[in-house]
Every structure is written in structure tokens, then in C-alpha cells.
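Structure provided below as C-alpha cells; questions to follow.
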Number of protein chains: 2
Amino acid sequence: MKKHIQLFEEYLGKTGGRVTQQKLSILEEIYKTRTHFEVEDFIDRIRAKDKKFSRATVYRTIKQLLDAGLIQKILTRDGKVYYERTPDHHPHDHLLCNVCGKIFEIKDEAVDTLLSQACAAIGFRPEYRSLHIYGQCQRCTTAKL
Amino acid sequence: MKKHIQLFEEYLGKTGGRVTQQKLSILEEIYKTRTHFEVEDFIDRIRAKDKKFSRATVYRTIKQLLDAGLIQKILTRDGKVYYERTPDHHPHDHLLCNVCGKIFEIKDEAVDTLLSQACAAIGFRPEYRSLHIYGQCQRCTTAKL
DNA sequence: ATACATGCAAATGGTTTGCAATACG
DNA sequence: CGTATTGCAAACCATTTGCATGTAT
């Protein structure tokens with residue numbers, strides 16, 4: 001069985017949730033895409049397949065997937081919202097260019113370690129995290145000069 | 001002159017913004033509070049003083065203060081939004097308990113350093129950042145056992 | 001059986017926008 | 001003076017909710 005399905009089922013088991021056709025389809029569809037996506041587009045896409053999915057169900061499932069750490073939410077400075085799968089269940093962080101809007105990814109194990117230690121120091125049990133850095137990308141910085 | 005006022009004026013100068021009575025009052029009022037606050041409450045509070053402040057102006061100013069790094073935005077898992085001043089202009093990060101909703105702060109210089117390096121590595125010029133860790137605080141973890 | 005999940009449409013709530021009036025540089 | 005800013009109310013848009021029906025366990 002695919003790893004993300006297994007993880008989701010484990011999560012649902014732990015939290016008293018039920019495994020449903022819709023939830024699995026939504027997860028599968030999200031995991032087919034490697035890049036970030038908007039919910040509205042996603043709903044169009046998944047509805048085009050076969051079943052009908054209500055907006056409510058998609059959002060309800062997204063919330064659970066977030067909790068389960070299987071997807072990440074990305075917020076732009078101007079309020080746009082994207083989601084994306086968590087590659088290999090290893091969360092990565094985002095740099096958002098305030099000028100062109102492009103989104104870059106960074107992955108730093110050392111940061112993970114430090115944050116885990118910081119949490120442990122006060123007995124906090126982390127479930128998932130969100131790290132966004134807003135600024136200007138190289139292209140936009142040099143273009144301005 | 002107070003440091004935050006000075007920083008804000010510098011920021012406005014750089015970005016072609018104007019220094020207005022409202023902006024300064026909003027900044028001052030925010031800096032009187034050390035804890036996080038909701039915008040709606042804030043508007044009530046500042047309106048109670050002397051002037052009228054439109055919701056729009058408050059939001060427009062908040063956006064500029066965010067860009068200037070003078071305040072930080074906090075997002076709870078269930079969508080509540082708080083803002084708070086950035087103490088001494090040193091951004092700190094937030095741990096949010098998904099059970100009791102309490103918000104903890106952490107400050108780790110080493111994380112700052114690592115992130116700065118990661119940005120520099122791809123030529124990204126960071127302006128401000130948002131780092132939230134969601135999970136369970138010590139009290140809620142032990143209470144559950 | 002009996003919770004939990006779904007779909008629908010309406011509601012929510014934070015934030016933004018258009019426009020005319022006003023104030024900064 | 002010209003341009004950014006303000007206030008107002010209406011608009012926006014992501015997300016949530018109430019309720020009747022459906023379904024996993």
C-alpha cells in the first residue's frame with residue numbers, strides 16, 4: 001500500500017475518523033501533483049474525474065491531511081492560499097517573493113533539529129509546522145537595480 | 001525618538017509611503033501592548049481613544065507594519081488571526097497548542113542564522129518571516145495520559 | 001445500530017476595494 | 001500642487017456550518 005495512504009489511515013484510526021472513498025480520492029489526487037495548487041482549481045480537477053465532491057468535504061479533508069502532516073499550507077503575503085503535498089513526509093519551508101510572487105523551497109535538516117530541541121525544551125510535542133519567509137528573490141532584486 | 005517610530009518612518013521613506021497621523025497612532029497603540037491581539041478588538045480600543053479609524057486604514061497600516069517587520073501575524077490552526085508587536089525588532093517564533101489554544105514563544109538565534117544562510121545561498125533577500133509550530137503543549141500532553 | 005461523513009447552500013469572518021474627500025511632501 | 005491616504009460601505013474570497021441523508025465500523 002502506498003505510504004501516504006497508510007499514514008492517513010493510521011491518522012484516522014488514531015483520531016476516531018473513518019476511511020471513506022472521498023477522503024482517499026482526495027488524497028490520491030493531491031499526491032498526483034508535485035506542485036502547490038489552489039483549492040478551487042483542485043475541486044474542478046477532481047470533479048472532472050468521476051465523482052462529485054462538495055467543497056465542504058474537500059476542505060474538511062484538507063484539514064485532516066494538514067493535521068496528519070501529509071500536506072502543507074502556503075500563504076502568500078497578499079492572502080492567496082495554496083496547498084501542496086509534503087514530499088516523502090518531510091516538511092520543507094517556503095520563500096515567497098513579494099515582487100513576482102514566485103515560491104521557492106528550502107529544506108534544512110539543521111533547522112529541523114534545532115526546532116525539535118526547542119520544542120523538547122519546554123515539553124511541547126510538535127505535530128506540524130509552517131515556515132514562510134517573505135522577501136525578494138534574486139531575479140527581482142537584480143532587476144530593480 | 002522611539003525606535004519603532006524611527007524604523008517605520010525609514011520604511012515609509014524607502015517605499016514612497018507617507019507618514020500620517022493615523023499610521024503613527026496605530027503603531028503607538030500596538031506598541032503599548034505586549035501580547036497578541038485581534039484586529040477587531042484593536043479597532044474598538046483605538047477608536048475609544050480620540051480619533052476615528054476606519055477598518056480599512058487599520059488593515060492597510062498593519063500590512064505595512066508587517067512588511068516593515070514591526071509586527072508579526074499569528075495564525076491558529078482553526079483560522080483565528082492575531083497580531084503582535086515584534087519585541088525589540090527581533091522576530092520570535094510561535095508554538096501553538098492544538099488542544100488548549102495557548103501560544104508559546106521561542107527565540108533561537110541559531111535558527112535565524114541558518115535561515116539567513118539558506119536565503120543567501122539562493123540570493124533571496126528576506127524581509128520578514130512567519131514560523132508556526134502546531135502541536136500539544138506539555139500540560140495538555142500530560143493531562144491526556 | 002450508531003456515530004461519523006457527505007452535500008448543499010447559506011453564513012461567516014478576515015481582509016480588500018472603489019470612490020470621493022483629504023492631507024502629506 | 002500632485003500624489004498617497006483616508007473613510008465608508010459594499011465586495012471578496014477562503015473556509016465553515018446547519019441540517020437532512022448516506023455510510024463506515
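As the structure is a prediction and not an experimental result, all values here were calculated from the model. Chain A is the first sequence line, chain B the second, and so forth, proteins listed ahead of strands; every chain is numbered from 1.
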Exercise. Among B:K2, B:K23, B:R85, whose salt bridge (Lys or Arg N to Asp or Glu O under 4.0 Å) with B:E28 holds?
Worked result: B:K2
Exercise. What is the nucleic acid contact for A:K80, judged by heavy atoms within less than 4.0 Å: base, sugar-phosphate only, or nothing?
Worked result: nothing
For this session: Report the residue from B:I103, B:I71, B:V81 that forms a side-chain contact (heavy atoms from CB on, under 4.5 Å) with B:H36.
Result: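 That would be B:I103.
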For this session: Compute the centroid of each ring, for A:H94 and then for A:H92, and state whether the two points are separated by less than 6.0 Å.
Result: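 Between A:H94 and A:H92, the centre distance is under 6.0 Å.
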Exercise. Side-chain donor or acceptor of B:R18 under 3.5 Å from a matching atom on the base of D:dT3?
Worked result: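 Donor-acceptor pair under 3.5 Å: yes.
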Exercise. With a 3.5 Å cut-off and no angle check, do the side chains of A:T57 and A:S54 form a donor-acceptor pair?
Worked result: yes
Exercise. More 5' along DNA chain D: B:V19 or A:V81, using each one's nearest nucleotide?
Worked result: B:V19
Exercise. Can a side chain N or O of A:K23 be found less than 4.0 Å away from OP1 or OP2 on D:dA24?
Worked result: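 Checking D:dA24 against A:K23, no side-chain N or O comes under 4.0 Å of OP1 or OP2.
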Exercise. Rounded to the Å, how far apart are B:Q22 CD and D:dG7 C1'?
Worked result: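 Rounded to the whole Å, the gap is 9 Å.
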Exercise. Within the pair B:T20 and D:dT6, is there a side-chain N or O less than 4.0 Å away from OP1 or OP2?
Worked result: yes
Exercise. Does B:K63 have a side-chain nitrogen or oxygen under 4.0 Å from the phosphate oxygens OP1 or OP2 of C:dT16?
Worked result: yes
Exercise. Would you call the rings of A:F104 and B:F124 parallel, tilted or perpendicular, where under 30° means parallel and over 60° means perpendicular?
Worked result: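 The arrangement is perpendicular - the two ring planes meet at more than 60°.
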For this session: Measure from CG on A:L24 to P on D:dA24 and round the result to the nearest Å.
Result: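 After rounding, the gap between these two atoms is 10 Å.
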Exercise. Are OP1 or OP2 of C:dT15 and a side-chain N or O of B:Y59 less than 4.0 angstrom apart?
Worked result: yes
For this session: Write down the distance between CG (A:D78) and P (C:dT16), rounded to a whole number of angstrom.
Result: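 About 8 Å, once rounded to whole Å.
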For this session: Give a yes/no on whether any side-chain N or O of A:K52 is located under 4.0 angstrom from OP1 or OP2 of C:dG7.
Result: no
Exercise. Contact class for B:Y82 vs. all strands (heavy atom < 4.0 Å): base, sugar-phosphate, or nothing?
Worked result: nothing
Problem set entry | Spacing of B:I62 atom CD1 relative to C:dT15 atom P, expressed in whole Å | 7 Å
For this session: Could you check how far CD1 of A:I46 sits from P of C:dT6, rounded to whole Å?
Result: 12 Å
Exercise. Without hydrogens or angle criteria, can the side chains of B:E127 and A:N98 be said to hold a donor-acceptor pair below 3.5 Å?
Worked result: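 Distance-only check passes for B:E127 and A:N98.
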Exercise. To the side chain of B:R55, which of D:dT15, D:dA9, C:dT15 is closest?
Worked result: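 Of the candidates, C:dT15 comes closest.
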Exercise. B:F42 has an atom CZ; how far is it from atom P of C:dT15, in whole Å?
Worked result: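 To the nearest whole Å, that distance equals 13 Å.
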Problem set entry | Value in whole Å for how far the C1' atom of C:dG13 lies from CD of B:E40 |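 From B:E40 CD to C:dG13 C1': 9 Å.
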Exercise. Does B:R77 or B:S54 map to a spot on DNA chain D nearer the 5' end, using the closest nucleotide for each?
Worked result: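 Comparing both residues, the 5'-ward one is B:S54.
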Exercise. Which sits closer to the 5' end of DNA chain C, B:R60 or B:Q21, going by the nucleotide each is nearest to?
Worked result: B:R60
Problem set entry | Spacing between B:F53 atom CZ and C:dT22 atom C1', to the nearest angstrom |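 Those two atoms, CZ and C1', are 15 Å apart.
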Exercise. Where the side chain of B:A56 is concerned, which of D:dT6, D:dT15, C:dT17 is the nearest nucleotide?
Worked result: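 The answer is C:dT17.
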